[in-house]
Amino acid sequence: MALDKATIEKLAKHCEDAEINAYEITKITDDYPEMTYEDAFDIQWTARRNKEARGTKIIGMKMGLTSQAKMKQMGVENPCYGYLADYFAYGDGAEIEIDKLIHPKVEAEIAFVLKEDLAGPGCHIGDVIAATDFVMPAVEVIDSRYKDFKFDLKSVIADNSSSSRYVTGGQARDIKDLDLKTLGVVMEINGEIVQLGAGAAVLGHPATSIAMLANMMAERGETLKKGEYILSGAITAAIAVKKGDNVNVKFQDLGSVSFKFV
Ligand code: OOG
Ligand code: MG
């Protein structure tokens, strides 16, 4: 740890204020180059506790930067995680107010809902499949609070891994009935295909990403809980959106997710 408790508190507020009020900030490592990974997670967990203290419910988790497309797009070489708050959640057909966001981008993901708690270390794909109640299609709306959507891994962790909104739709299915590796995804914006991919883009299999999340959380003595909604990470690169855009993502075997930015 390089940052003291008061600085961690200050930076948690710095990131969270920017998230709530939708304005850009400079990335933390510009001002605090000594920040460690532990500090970055401390900042994220502090903001999370502050939200909970104000009555916000944390309903799930997300993995990020789990695909080559995303790591290449963001210039970062390892995955990260973040939490999902109640007000991030939208359903199929939603209208998302873009003025409440900074520079949002959309990405296609497979979401997992657990029927049992899942704890690392040593968590593997088999544990994830056994603990999964069902999977569902999702589109995550990410919105880095950093200027020009540019960051390094430590800074993005402190900023809750760019979490902002997510939309669920389609169908809930039993993971054992699906081949998540070959499950195809087609993303359309205003009727035009902008990205496509398959589940294997996410660390070879999206369930591997959930295992990695459980193992990363174990480093802080935390576990994934039964009923939590977990985004396994983008299959496609993230696409910037503007007011009026209609997003429609078709998932093989899982139906589609559609919504609009207003
Ligand atoms: C970080 C979050 C990435 C994903 O699914 O890869 C993410 C970012 O690119 O802003 O959510
Ligand atoms: Mg994502």
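Nothing fancy with the numbering, it's 1 onward along the sequence. Counting starts at 1 for both ligands and their atoms, following the listed order.
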List-wise, which protein N, O or S atoms are found short of 2.8 Å from the Mg ion (ligand 2)?
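Only Glu107 OE2, Glu109 OE2, Glu140 OE1 fall inside 2.8 Å of the Mg ion (ligand 2).
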
Consider only side-chain N and O atoms of Thr7 and Lys5, and report whether a donor and an acceptor are under 3.5 Å apart.
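No, no side-chain donor-acceptor contact under 3.5 Å.
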
Counting only N and O atoms by type, is there a donor-acceptor contact under 3.5 Å from the side chain of Thr56 to the main-chain atoms of Glu52?
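No; zero donor-acceptor contacts below 3.5 Å.
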
Mind checking what makes side chain to side chain donor-acceptor pair (under 3.5 Å) contact with Tyr37, not counting sequence neighbours?
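Side chain to side chain donor-acceptor pair (under 3.5 Å) check on Tyr37 returns nothing, list empty.
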
Closest heavy-atom contact between Ala211 and Ile125?
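Heavy-atom minimum between the residues: CB-N, 4.1 Å.
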
Grab the two heavy atoms, one from Lys27 and one from Ser155, that are nearest each other, plus how far apart they are.
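That closest heavy-atom pairing would be CB-OG, 3.8 Å.
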
Are Asp152 and Thr29 close enough, and set up right, to give a side-chain hydrogen bond (donor to acceptor under 3.5 Å, both in side chains), and what steps lead you there?
CA-CA 8 Å; Asp152 46 67; Thr29 47; 2.5 Å; yes

Among Cys80, Ser232, Ser209, Ser163, find the one that has a side-chain contact (heavy atoms from CB on, under 4.5 Å) with Lys62.
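The side-chain contact (heavy atoms from CB on, under 4.5 Å) with Lys62 is passed solely by Ser163 among Cys80, Ser232, Ser209, Ser163.
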
Other members of the hydrophobic cluster containing Met1, with the 4.5 Å side-chain heavy-atom rule, please.
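Cluster partners of Met1: none, it stands alone.
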
Applying the ring-ring contact (aromatic ring centres under 6.0 Å, His included) test to Tyr166, which of Tyr229, Phe88, Phe259 qualifies?
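Looking at Tyr229, Phe88, Phe259, the match for Tyr166 under the ring-ring contact (aromatic ring centres under 6.0 Å, His included) is Tyr229.
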
Show me a pair-per-line table, with atom names and distances to 0.1 Å, of protein N or O atoms that are under 3.5 Å from an N or O of ligand 1.
from, atom 1, to, atom 2, distance (Å)
ligand 1, 5 (O), Glu107, OE2, 2.7
ligand 1, 5 (O), Glu109, OE2, 2.9
ligand 1, 5 (O), Ala234, N, 2.8
ligand 1, 6 (O), Leu65, N, 2.7
ligand 1, 9 (O), Lys70, NZ, 3.0
ligand 1, 10 (O), Ser162, OG, 2.6
ligand 1, 11 (O), Lys62, NZ, 2.7
ligand 1, 11 (O), Glu107, OE2, 2.8
ligand 1, 11 (O), Glu140, OE1, 3.0

